[in-house]
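Written below as structure tokens is the structure these notes are about.
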Amino acid sequence: MRQAVLLGSAGTKRTDFFQQAAAQAGLPVLFVDWSSPEQWERQPDQTQWMMKIDPPLWDSCFLGQLGQLTHDYQEKLRRLSAAAKDHPLEFFNHPSAILELLDKRVCKKRLEQEMLAVTELLSGDKQDIRTAAQLLETMRAEHIYQVFLKPVSGSGAAGVSALRFQPSTGRLVLYTCALLHPQLGLVNTKCLRRFCGRDEVMDYIEHILALDCVIERWYAKAEHEGCSYDLRAVVLDGRLQFVLGRLSKGPITNLHLNNHPLSAKQLGLPERVLQEVRLLCRQAASCFPGLRIAGIDLLLEKGSLRPRIIEMNAQGDLIYQDIFQDNRIYIEQARVMREWVEG
């Protein structure tokens with residue numbers, strides 16, 4: 001007997017809209033909540049499961065807790081991976097693939113090794129940039145004066161910061177959703193702020209780097225109607241399933257920051273560019289065995305529209321502009337799982 005399983009959190013949009021899609025596809029789904037994960041450990045031996053893993057809920061706004069929260073999640077994923085050796089358990093996205101994409105450094109280095117177009121890690125990201133002074137020295141030496149700093153783990157722009165450095169004057173400008181509280185440390189506010197006082201910016205950089213960050217080159221993005229934009233693409237089994245533009249007046253484009261979504265059709269992207277995006281997404285997904293679906297963030301370089309991968313997310317399939325319309329991303333996943341159940 002085969003059974004489709006969703007491991008997630010009750011009452012979330014991820015759970016509710018996948019269950020709606022499963023019902024529409026005629027797929028019975030067993031729901032397992034992260035709050036009682038022992039349920040999957042009691043799986044009957046005669047039942048073969050295919051499990052779709054959604055991320056657990058993180059309810060902390062304190063960026064200093066990102067490391068521990070991610071570590072706890074990584075341990076749960078490793079337990080799931082080990083359980084598959086003793087139980088008839090398959091995964092839509094294998095826990096090992098989710099683990100690789102959870103670590104932005106591991107993910108980006110894998111893509112770079114495959115010679116794919118990405119936003120490169122500064123100085124090859126030798127993990128020896130620990131202070132603001134070291135960062136500015138490296139930027140000056142490599143003649144790269146705009147970078148993004150991103151915690152190795154985390155999502156939703158938590159801790160992501162964009163830094164501009166004018167080497168001739170020493171002027172610094174920092175854009176970030178993090179707010180430095182004197183007692184609580186860095187707090188994720190989900191509100192983009194701009195800082196330009198040198199001492200203040202240097203202080204922020206010190207605290208952000210302490211989170212363990214990747215540092216990436218900041219490319220000028222393509223523009224549309226006065227906004228810069230990048231793309232969120234969803235790829236399933238090597239096929240580009242969904243593309244959404246994310247338009248912003250600032251450097252960070254995450255839609256929950258009140259940025260503007262726009263379809264690829266509305267952006268008027270040439271077919272040549274869409275073909276390049278399809279190919280790059282397919283190549284990127286193939287770098288990670290066990291990865292069937294991924295959300296991939298790409299920029300299009302200003303002028304040439306050459307696509308570059310910013311980052312990948314093994315659980316980046318929740319797109320509000322899809323679930324509140326056709327819900328086709330989840331419907332297609334449910335269809336794939338139903339075909340597996342029916343053997």
Side-chain angles (χ1 to χ4, degrees), residues 52-53 77 81 90-125 148 150 152-153 155 160 214-222 228-246 253-254 263-265 267-319 322 328-330 332-333 335-336:
K52 171 179 165 59
I53 304 172
L77 289 171
S81 186
E90 294 191 21
F91 300 97
F92 201 89
N93 273 355
H94 198 280
S96 62
I98 299 174
L99 279 165
E100 284 191 289
L101 268 64
L102 271 177
D103 188 315
K104 292 182 176 66
R105 181 175 289 120
V106 169
C107 179
K108 184 60 67 72
K109 286 188 173 181
R110 174 72 62 85
L111 297 174
E112 287 186 325
Q113 288 168 1
E114 297 299 322
M115 308 297 290
L116 298 184
V118 299
T119 52
E120 303 94 346
L121 297 173
L122 190 68
S123 191
D125 192 49
F148 277 94
K150 302 177 181 179
V152 167
S153 304
S155 60
V160 174
V214 292
I215 305 166
E216 299 175 345
R217 181 177 173 183
W218 173 358
Y219 279 85
K221 298 176 181 177
S228 62
Y229 70 89
D230 59 19
L231 304 174
R232 163 57 66 93
V234 177
V235 60
L236 172 64
D237 289 337
R239 292 178 288 106
L240 189 62
Q241 191 179 11
F242 194 91
V243 182
L244 184 71
R246 306 185 301 182
T253 59
N254 297 67
S263 70
K265 182 178 180 180
L267 285 170
L269 294 178
E271 182 58 30
R272 167 190 66 82
V273 174
L274 289 174
Q275 289 284 14
E276 291 176 358
V277 168
R278 290 188 189 101
L279 176 60
L280 185 56
C281 287
R282 182 167 66 248
Q283 292 172 327
S286 69
C287 293
F288 302 92
L291 183 71
R292 298 193 67 163
I293 190 164
I296 304 178
D297 295 337
L298 311 96
L299 64 80
L300 302 178
E301 289 186 42
K302 187 175 181 178
S304 69
L305 298 184
R306 182 193 184 194
R308 288 182 177 273
I309 293 175
I310 302 170
E311 60 184 67
M312 298 177 63
N313 187 336
Q315 295 162 317
D317 55 357
L318 176 65
I319 310 292
D322 177 57
R328 58 192 175 101
I329 295 173
Y330 283 151
E332 184 65 10
Q333 291 180 59
R335 182 194 62 78
V336 170

TODO: Using distance alone, with no hydrogens and no angle criterion, decide if S228 and K302 have a side-chain donor and acceptor under 3.5 Å apart.
DONE: no
Open item on the list: Under 3.5 Å, is there a donor on one side chain and an acceptor on the other for D317 and Q333?
Closed with: yes
If you compare all heavy atoms of [X] against all heavy atoms of [Y], which two are closest, and at what distance to 0.1 Å?
X	Y	value
P307	A117	O-CB, 3.6 Å
R110	P289	NH1-CD, 4.4 Å
V152	R105	CG2-NH1, 3.4 Å
L274	A264	CD2-CB, 4.3 Å

Using side-chain heavy atoms (C-beta onward) and a distance below 4.5 Å, is [X] in contact with [Y]?
X	Y	answer
Q283	L280	yes
V277	L300	yes
D230	I310	yes
I309	T119	no
C281	I296	yes
L111	M312	yes

Task: Criterion side chain to side chain contact (heavy atoms under 4.5 Å, CB included) on F242 and I319, from CA distance to verdict - done: CA-CA 9 Å; F242 194 91; I319 310 292; 3.6 Å; yes
Task: K108 (side chain) donor-acceptor with D103 (main chain) under 3.5 angstrom - done: no
Task: Side-chain (R328) to main-chain (Q241) donor-acceptor, under 3.5 angstrom - done: yes
Note: [X]-[Y] ion pair, threshold 4.0 Å (strictly below):
X	Y	value
K104	E216	no
E332	R335	yes
R278	E271	yes
E301	K221	no

For the atom pair [atom1] ([X]) and [atom2] ([Y]), what is the distance rounded to the nearest 0.5 Å?
X	Y	atom1	atom2	answer
Q275	L240	CD	CG	10.0 Å
Y330	D322	OH	CG	9.0 Å
I215	L121	CD1	CG	9.0 Å
L77	E100	CG	CD	12.0 Å
I293	D237	CD1	CG	8.5 Å
C287	L116	SG	CG	5.0 Å

- [ ] Quick one: do F288 and C107 satisfy side chain to side chain contact (heavy atoms under 4.5 Å, CB included)? Show the steps, please.
- [x] CA-CA 9 Å; F288 302 92; C107 179; 3.8 Å; yes
Task: Charged tip of R292 within 45° of F92 ring normal and under 6.0 Å - done: yes
TODO: Cation-pi check, R217 to Y219: give yes when NZ or CZ is under 6.0 Å from the six-membered ring centre and within 45° of the ring axis, no otherwise.
DONE: yes
- [ ] Identify which one of I53, N313, L291 satisfies the side chain to side chain contact (heavy atoms under 4.5 Å, CB included) criterion when paired with I98.
- [x] I53
Task: Contacts of type side-chain hydrogen bond (donor to acceptor under 3.5 Å, both in side chains), residue E276, not counting sequence neighbours - done: R272
TODO: Mind checking salt bridge (Lys or Arg N to Asp or Glu O under 4.0 Å) for R232 and listing every partner two or more places apart, or none if nothing turns up?
DONE: D297
